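Quick note: residue numbers are just sequence positions, from 1. If you're wondering where the values come from, they're calculated on a predicted model, not measured in any experiment.
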Amino acid sequence: QVQLDESGGGLVQAGGSLRLSCAASGRTFSTSAMGWFRQAPGKEREFVAFINWIGTSTYYADSVKGRFTISRDNVKNTVFLQMNNLKPEDTAVYYCSAGVPFRDYGGYTDREADYSSWGQGTQVTVSS
């Protein structure tokens, strides 16, 4: 499994931006699809974004499409989530996750069960 460590969260006003990073350790990062999920207080964890293991395919939840961008650097073993035009409803703990190495998932997956490793999360708070 790969170990994941998120950073970059914080407090931002509505309309602002944040860039989350997820540093991975382990030899399988560059061959694993990666995802970002989030969990707001009192709600279930939900899918945010997906990127395949070579970085050529991405997929987003409708709620963040056009505002968030997922990317990865397989040399630095890091995946990023650029979040622009943030809204109060984006307030949540954000988690990065790693899929099973070399699994294609038919293009993308938004299912928690398809991700085998999880970070501890980073808090994002958007004030109105």
Side-chain angles (χ1 to χ4, degrees):
Q1 286 192 343
V2 61
Q3 287 73 50
L4 304 172
D5 184 21
E6 303 97 334
S7 62
L11 174 64
V12 64
Q13 288 188 332
S17 298
L18 282 175
R19 190 191 195 202
L20 305 184
S21 298
C22 175
S25 60
R27 294 177 295 173
T28 61
F29 172 81
S30 62
T31 58
S32 300
M34 298 295 295
W36 284 96
F37 287 75
R38 66 186 182 185
Q39 187 168 22
K43 295 186 177 181
E44 293 187 352
R45 190 157 57 184
E46 64 176 3
F47 168 79
V48 175
F50 164 94
I51 188 166
N52 69 348
W53 59 280
I54 56 174
T56 57
S57 177
T58 58
Y59 181 75
Y60 300 92
D62 287 343
S63 58
V64 306
K65 201 172 295 182
R67 300 187 298 122
F68 290 12
T69 302
I70 187 171
S71 61
R72 66 188 298 159
D73 184 334
N74 284 351
V75 174
K76 296 182 178 179
N77 276 14
T78 305
V79 63
F80 304 97
L81 186 68
Q82 177 67 43
M83 306 186 294
N84 298 329
N85 191 21
L86 283 160
K87 304 176 180 180
E89 51 263 43
D90 294 318
T91 295
V93 177
Y94 283 71
Y95 300 89
C96 72
S97 54
V100 175
F102 296 113
R103 186 162 293 179
D104 180 70
Y105 298 110
Y108 76 92
T109 179
D110 56 5
R111 297 174 62 240
E112 285 192 44
D114 286 332
Y115 294 87
S116 56
S117 300
W118 294 83
Q120 294 300 307
T122 185
Q123 176 71 47
V124 171
T125 303
V126 185
S127 63
S128 57

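- At least one side-chain heavy atom of Y95 sits under 4.5 Å from a side-chain heavy atom of Q39.
- What you find for S116 and G99 is that their closest heavy atoms are OG-O, 3.7 Å.
- Atom CZ of R27 is separated from atom CG of N77 by 12.0 Å, given to the nearest 0.5 angstrom.
- Here F47 and Y60 keep their ring centres 6.0 angstrom or further from each other.
- Note on V64: it does not cluster hydrophobically with F50, by side-chain heavy-atom contacts below 4.5 Å among ILVMFWY residues.
- Here the side chain of T122 pairs no donor or acceptor atom with the backbone of Y94 at under 3.5 angstrom.
- Note: F102 and W53 meet the aromatic proximity criterion, with ring centroids under 6.0 Å apart.
- The line from CE of M34 to CG of L4 is 5.0 Å long, rounded to the nearest 0.5 Å.
- D73 and T78 share no donor-acceptor pair across their side chains, judged by distance under 3.5 Å alone.
- Each of L86, T125, L81, L11 was scored for a side chain to side chain contact (heavy atoms under 4.5 Å, CB included) with L18, with one residue passing: L86.
- A donor atom on one side chain and an acceptor atom on the other are not found under 3.5 Å apart for S30 and N74.
- Looking at Q3 and D5, their side chains never bring a donor and an acceptor atom within 3.5 Å of each other.
- Between D114 and R103 there is no salt bridge, since none of the side-chain N atoms of the basic residue sits less than 4.0 Å from a carboxylate O of the acidic one.
- For K43, the NZ atom sits in a loose shell: 12 or fewer heavy atoms of surrounding residues, nucleotides or ligands are nearer than 6.0 Å.
- Residues A14 and S128 share a closest heavy-atom pair of CB-CA, 4.3 Å.
- Within the 4.5 Å cutoff, the side chain of E46 has no heavy atoms near those of the D110 side chain.
- For the pair N52 and D104, the minimum side-chain heavy-atom distance is 4.5 Å or more.
- Between Y59 and Y108, the distance from one ring center to the other falls under 6.0 angstrom.
- Cation-pi geometry between R45 and W118 is met: under 6.0 angstrom from the ring centre, within 45 degrees of the axis.
- Taking CZ of R67 as the reference point, atom OG of S17 lies at 10.0 Å (rounded to 0.5 Å).
- Taking the side chain as every heavy atom from C-beta outward, V126 and M83 never approach each other to under 4.5 Å.
- The distance from the CZ atom of F68 to the OG1 atom of T58 is 14.0 Å, given to the nearest 0.5 Å.
- Both the sub-6.0 Å distance and the 45° axial angle are not jointly satisfied by R72 relative to the ring of F80.
- Using a 4.5 Å cut-off on side-chain heavy atoms (C-beta onward), Y105 and V100 make contact.
- There is a path of hydrophobic side-chain contacts, each under 4.5 Å, that joins I51 to F29.
- Side-chain contact between Y115 and T109 is present, with heavy atoms from C-beta onward closer than 4.5 Å.
- At least one side-chain heavy atom of V124 sits under 4.5 Å from a side-chain heavy atom of L20.
- To the nearest 0.5 angstrom, D90 atom CG is 7.0 Å from S63 atom OG.
- Note that CH2 of W36 and OG of S97 are 9.0 Å apart. Values are rounded to the nearest 0.5 Å.
- The side-chain heavy atoms of E6 and S21, taken from C-beta on, include no pair separated by under 4.5 Å.
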